[in-house]
Amino acid sequence: MATLAQGYTKVQINTGSVGSPTWVDIPGVFNVAGGGLSPNRIDSTDFDTAAGQKEDLSGPRDQNPWTAEMHYQQGDTYQELLFTNEAANTSTGFRIKFGTSSPKGVVIYGVPSLTLASPVEGKVTYSLSVEPLAAQTRGAAT
């Protein structure tokens, strides 16, 4: 059975410290995607490899970025914190929270990057992108 995302998913920002986070919803978010790890392959194909084939070695894995889309709400404290941290190149904690009873969450830390979209006959939105600085964690979102 599928799960309806509306009311189930929240994108949050840490307004506390790394060791003692305070998670607050970022208002206006209507889409979130990303995460996971890249394949751990390093091409090791050489002249001894059979024609038409490739050989790989296991290697380090990069964290894939997280992205979110949000309606711009001018003057909102938590959206403005995103712009402030982007300008100051400040690592920021984010949590993608799933569920209302016994919620789970994915926690990442990285510097936010924001991109504007403002069509003539539409709403002002920003795309938020976060490249994780370390491995994301997944667990209970209390």
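Please read these numbers as outputs of a predicted model, since none were measured by experiment.
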Report summary line: By side chain to side chain donor-acceptor pair (under 3.5 Å), Glu55 pairs with (sequence neighbours left out) Thr49
Report task. Looking only at non-hydrogen atoms, find the nearest pair between Gly35 and Asn64 and report the distance. Result -> O-CB, 3.1 Å
Report task. Please confirm whether the backbone N or O of Thr67 pairs with a side-chain atom of Ser129, one donor and one acceptor, at under 3.5 Å? Result -> no
Query raised in the report: Sequence neighbours excluded, which residues qualify as side chain to side chain donor-acceptor pair (under 3.5 Å) partners of Gln12?
Result: Asp25, Arg95
Query raised in the report: Which atoms form the tightest heavy-atom contact between Ile42 and Ser58, and what is the distance?
Result: CD1-O, 4.4 Å
Report summary line: Applying side-chain contact (heavy atoms from CB on, under 4.5 Å) to Glu131 and not counting sequence neighbours gives Pro65
Query - Spatial distance of atom CG (Asp76) from atom CD (Gln74) [nearest 0.5 Å] - result: 11.0 Å
Query raised in the report: Of all residues at least two apart in sequence or in a different chain, which pass the side chain to side chain donor-acceptor pair (under 3.5 Å) check with Asp43?
Result: Thr45
Report task. Report the C-alpha distance between Thr90 and Val111 in whole Å, list the side-chain angles of each, state the deciding distance to 0.1 Å, and finish with yes or no for side-chain contact (heavy atoms from CB on, under 4.5 Å). Result -> CA-CA 6 Å; Thr90 301; Val111 177; over 6 Å; no
Requested in this report: Sequence neighbours left out, what pairs pass side chain to side chain donor-acceptor pair (under 3.5 Å) with at least one residue falling in residues 102-117?
Outcome: Asn14-Tyr109
Query raised in the report: For Arg41, does the CZ atom have more than 12 heavy-atom neighbours from other residues, nucleotides or ligands under 6.0 Å away?
Result: no
Query raised in the report: Taking a hydrophobic cluster as the set of Ile, Leu, Val, Met, Phe, Trp and Tyr residues connected by side-chain heavy atoms closer than 4.5 Å, whether directly or through intermediates, do Leu116 and Val29 fall within one such cluster?
Result: yes
Query raised in the report: Run the side-chain contact (heavy atoms from CB on, under 4.5 Å) check on Met70 and Leu114 step by step: do they pass?
Result: CA-CA 10 Å; Met70 65 183 182; Leu114 295 151; 3.9 Å; yes
Report summary line: Contacts satisfying ring-ring contact (aromatic ring centres under 6.0 Å, His included) that involve residues 118-139 (not counting sequence neighbours) are Tyr72-Tyr126, Phe83-Tyr126
Query raised in the report: Listed by chain and number, what are the side chain to side chain donor-acceptor pair (under 3.5 Å) partners of Thr15, not counting sequence neighbours?
Result: none
**Report entry** Phe30: partners by side-chain contact (heavy atoms from CB on, under 4.5 Å), with sequence neighbours left out
**Finding:** Glu69, His71, Thr125
Query raised in the report: Do Gln136 and Phe94 have side chains that get closer than 4.5 Å, going by heavy atoms?
Result: no
Requested in this report: May I ask you to test the Thr137-Val106 pair for a side-chain heavy-atom distance under 4.5 Å?
Outcome: no
Requested in this report: Can you see which heavy atom on Gly110 is nearest to which on Val130, and at what distance?
Outcome: CA-CG1, 3.8 Å
Query raised in the report: Considering residues at least two apart in sequence or located in another chain, which fulfil the ring-ring contact (aromatic ring centres under 6.0 Å, His included) criterion with Tyr78?
Result: none
**Report entry** Residue pairs passing the ring-ring contact (aromatic ring centres under 6.0 Å, His included) test where at least one lies in residues 51-70, sequence neighbours excluded
**Finding:** none
Query raised in the report: What are the two closest non-hydrogen atoms of Pro27 and Gln73, and how far apart are they?
Result: CB-OE1, 3.6 Å
Report summary line: Nearest heavy-atom contact between Leu133 and Ser91 is CD1-OG, 3.3 Å
Query - Any side-chain heavy-atom pair of Thr9 and Ile96 under 4.5 Å - result: yes
